[in-house]
Amino acid sequence: MEGVVDGDRLSSLPENIIRHIFSFLDSNDIVRASTVSRKWRYIWVSMPYLCVDVPYQMIFNDFVDWVLMFRNRLVDVQGLRIPDLILKENHAFYRLYLHLAVDKPECFYPSFNNLKSLTLRFQSDDFNRHLLINMLDMLDCSPNLEALKIYFKSNGHVLQKMRISLIHNIGYTDKIISEVMNFPRLSLNVALTIVEPMFPAPKIHVSGETVTAPSVVRFGIDIPWPPGNLQTTRFITPPPPPPGSFYYQLNLIDISVGPHRLGFSQDLFRIREDGVPITRIAQHTNGVDVYVVMRVFEEYYDSKHLHRRGQRGAFRSCYDEQPGFGAFPTLTYHFQGANYVVDGENVKVFSECE
Amino acid sequence: MASSSSSSSTQVKKITLKAADGKHFEVEEPVAMEMETVKSFFVGNEDAMKDMVVPLLNVSSEHMPAILDFYRNHSEFRKRTPPPPAEEVKAFNEAFLENKSDEQLMEMIMAANFLNTKELLNFLTEAAANRIKNKSVEYVRAFFGIENDFTPEEEARIRAENEWAFDGLDED
């Protein structure tokens, strides 16, 4: 006869706790647990956390097949951890991704709607910028993402949360940063950690101590106040940029050429209700006022008797370079609370002129 | 009733908690409020604070001192500036788990779940995970006190299906 099972602890241990415990385990532990009892048989297939750690005797591809075969697709993934991502087999990664993600009409890529944390650890020799960028594209549609950690295997150690670390020579830095900034819930709760070990990390100096670290981009109150002559200006926050736009607007008040302040009207650079700026200096599209800047340069160079090519008042202004002439005026953007001075040499382009 | 009648006026407000076996614990208000279950007891019912005894049906008095100690220390860690060194937190956590049997750990997980405190629950479930990591199926069954209800044939088949997951296990 069977004895009375005195307090089968599991029967008093709710399934959410078992899942919670499982969330700390690697997949071979979790899969092995399906042999424990009938009740445990299928717990792992509906785990909201998924750790794709490939057992050493399997290859990533086969393992992904195995996961896709068994997993319950109705359960949204909240946490995905891939401790050993081999990009040579990245089609398997994409299959996994497509399996886990959900199509959303407003997103170009399928989205991980409920994904809160994503951890990827690359084999270092597989490091591939393009894939990284693609991945960040995908994450664009993960509105609930709170933590993204990307490791490169040979470096190993974990950076803190709430920090965005980019390696100075990773390339595409602007893109990555704007992608990150585009996370809808960007706040101090969002963490992006990218650690790339292939280049020796530069020593940087942070508040009195020298640490070995990649360059660190910080947001919000995480920004230490740097010493020296630093001017700051705020992003114009409302209205939000249109979807897919990584432009962040600053409040431009006026422009100076050399010491001569042009005195633009305050409204010229205002942003319309729909978020479109009235004037974009860079595009010369709207209103003649922007040409004023070029006219002032022309007046200046004409007064120096430089030889102009072409019509005055044309879209481009072109002068012959004169040996010994170096008195190029600066161009100053007066933002709210901060002036950005562009050196005279950098205001113009030296090139062969038709 | 019990509130401010006694000794000094600077005293922190206390809340009385009653463990499953009837034993009472007087707890400083901020520590008690670490427990969502206790907190929700008082929501919209602030007057109750003075003389209510909060019953904690699923928490045995055996674990109360340790659990309260965890809240006190961890809330202090959270508030401290600069934050405490990682070793200090680690040392506290290790000491907390030392000499706790698997059974006691399970009971505390149930308590943390009932008290609805994320930090403690996370900490204890991770500790449980560490204890069964890389262990055999038999070990895991014993750990959770689970009866094997598979027939030998079924179990053999499941093991064969997941063969790769059984390599390189630690000694029990």
Undergrad: Taking atom OH as the centre, does A:Tyr42 end up with more than 12 heavy-atom neighbours from other residues, nucleotides or ligands that are less than 6.0 angstrom away?
TA: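 Open: at most 12 neighbouring heavy atoms sit under 6.0 Å from OH of A:Tyr42.
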Undergrad: To check you understand the geometry: which heavy-atom pair defines the closest contact between A:Pro14 and B:Met110, and what is its length?
TA: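 Minimum heavy-atom contact is CD-SD, 3.6 Å.
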Undergrad: Output the distance between atom OG (A:Ser37) and atom CD (B:Glu147), rounded to the nearest 0.5 Å.
TA: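 If we round to the nearest 0.5 Å, A:Ser37:OG and B:Glu147:CD are 10.0 Å apart.
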Undergrad: To check you understand the geometry: which heavy-atom pair defines the closest contact between A:Arg38 and B:Phe150, and what is its length?
TA: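 It is N-CZ, 3.6 Å.
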Undergrad: Checking an interface table here. Which of residues 117-129 of chain B come within a heavy-atom distance under 4.5 Å of chain A?
TA: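 Against chain A, the residues of residues 117-129 of chain B that fall inside the cut-off (heavy atoms, under 4.5 Å) are B:Leu121, B:Asn122, B:Thr125, B:Glu126, B:Ala128, B:Ala129.
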Undergrad: Checking B:Glu36 now: which residues fulfil side-chain contact (heavy atoms from CB on, under 4.5 Å) with it, not counting sequence neighbours?
TA: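 For B:Glu36, the residues satisfying side-chain contact (heavy atoms from CB on, under 4.5 Å) (neighbours in sequence not counted) are B:Lys39, B:Asn116.
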Undergrad: Nearest heavy-atom pair of A:Ile21 and B:Phe144: which atoms, and what distance?
TA: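 Smallest heavy-atom distance, with atoms named: CD1-CE2, 4.0 Å.
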Undergrad: Enumerate by number any residue of residues 130-139 of chain B whose heavy atoms lie under 4.5 Å from heavy atoms of chain A; in the absence of such residues, state 'none'.
TA: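 The stretch touches chain A at B:Ile132, B:Lys133, B:Asn134, B:Lys135, B:Val137.
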Undergrad: If you count heavy atoms of other groups shown closer than 6.0 angstrom to NZ of B:Lys100, is the number above 12?
TA: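 More than 12 within 6.0 Å, yes.
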Undergrad: Which value, rounded to the nearest 0.5 Å, describes the distance between A:Thr35 atom OG1 and B:Arg157 atom CZ?
TA: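 If I round to the nearest 0.5 Å, the distance is 11.0 Å.
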Undergrad: Apply side chain to side chain donor-acceptor pair (under 3.5 Å) to A:Asn16 and list each qualifying residue two or more places apart in sequence or on a separate chain.
TA: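 Side chain to side chain donor-acceptor pair (under 3.5 Å) list for A:Asn16, sorted by chain: empty.
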Undergrad: Heavy atoms, side chains only, cut-off 4.5 Å: are A:Lys39 and B:Asp149 in contact?
TA: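 No, too far: nothing below the 4.5 Å cut-off.
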